[in-house]
Amino acid sequence: MKMKEPFERVVTQHGVTVLRVCRAVLGMHDADDAWSETFLAAMRAYPNLPDTANVEAWLVTIARRKAIDVHRATARNPLPVEELPEAPTALGIPGTDDADVWACVGQLPSRQRQAITFRYLAGMSYAEIADVTGGTVDAARRAAADGLKNLRKNHPGATTKGVST
């Protein structure tokens, strides 16, 4: 039976490989942070690792996942810009300049309102809508089409640009 090595020896033996993986995924700047995170996570899990495990493969898997985490966190950070826009936009802010559309949607029959909401706001397929509402796919498609027709008729500014039924 193979016995586990002390964790310090694992770091010494496999640290370079883990750093290479981190650099390959992230580049030079963020690789050190991912390397550190890899070995912190590995240190916590090492006591439960089976004695027969391939330690290098295990560490490379952790390193790859930590590198992906760093990459995702970086993608969520705001990017600095040279100049701010002159005026703030209200695009996408609920309750701004589209209250009349929401009033029209609120007046739709229940099935049509649900189909419109699930399809065009939640991005659900007609099959998913049918599952949620307890109807058929054809009924969900018909309710969405009828809802759009009612909105076009009752709200002169309504548009279906980019919306497919």
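The first residue of the sequence shown is numbered 1, and numbering continues consecutively from there.
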Path from Val70 to Ile68 over hydrophobic side-chain contacts below 4.5 Å: no

Co-membership, hydrophobic cluster, residues Val25 and Leu19, 4.5 Å side-chain: no

How close do Ala42 and Leu59 get, heavy atom to heavy atom, and via which atoms? CB-CD2, 3.5 Å

Rounded to the nearest 0.5 angstrom, the NZ-CG distance for Lys149 and Asn154 is 11.5 Å

Got a sec, which residues hit side-chain hydrogen bond (donor to acceptor under 3.5 Å, both in side chains) with Asn54, two or more places apart in sequence or on another chain? none

Residues two or more places apart in sequence or in another chain: which of them pass side-chain hydrogen bond (donor to acceptor under 3.5 Å, both in side chains) with Arg23? none

Nearest 0.5 angstrom please: Met124 CE to Thr117 OG1, how far? 11.0 Å

The reported gap from CZ in Phe7 to OG1 in Thr12 (rounded to nearest 0.5 angstrom) is 10.0 Å

Going by side-chain hydrogen bond (donor to acceptor under 3.5 Å, both in side chains), name the residues that satisfy it together with Asn150, two or more places apart in sequence or in a different chain. Gln112

Going by the ring-ring contact (aromatic ring centres under 6.0 Å, His included) test, which pairs reach into residues 11-35, not counting sequence neighbours? Trp35-Phe39

Applying side-chain hydrogen bond (donor to acceptor under 3.5 Å, both in side chains) to Glu56 and not counting sequence neighbours gives Thr17

Atom NZ of Lys66 and atom CG of Asp69: how far apart are they, to the nearest 0.5 Å? 5.5 Å

So does Ser125 get a backbone contact from the side chain of Glu128, meaning a donor-acceptor N/O pair under 3.5 Å? yes

Shortest non-hydrogen contact between Leu26 and Asp30, atoms and distance: CD1-O, 3.6 Å

Determine, step by step, whether Glu5 and Gln13 satisfy the side chain to side chain contact (heavy atoms under 4.5 Å, CB included) criterion, reporting the C-alpha distance in whole Å, the side-chain angles of both residues, the deciding distance to 0.1 Å, and the verdict. CA-CA 11 Å; Glu5 301 179 77; Gln13 286 178 342; 3.2 Å; yes

Once rounded to the nearest 0.5 Å, what's the spacing between atom CD1 of Ile116 and atom CD1 of Ile129? 8.5 Å

Close side-chain approach of Arg111 to Arg142, heavy-atom, < 4.5 Å: no

Please check: side-chain N/O of Lys4 versus main-chain N/O of Leu49, any donor-acceptor pairing under 3.5 Å? yes

Side-chain touch Tyr126/Asp138, heavy atoms, less than 4.5 angstrom: no

Under the 4.5 Å side-chain heavy-atom rule for ILVMFWY, direct or indirect, which residues accompany Val21? Val60

Taking all atoms of both residues into account, what is the closest heavy-atom pair of Ala115 and Ala140, and its distance? CB-O, 3.9 Å

Quick one: closest heavy-atom pair of Cys22 and Thr38, and the distance? SG-OG1, 4.3 Å

With rounding to the nearest 0.5 Å, note down the distance linking CD in Gln107 to CG in Leu151. 10.0 Å

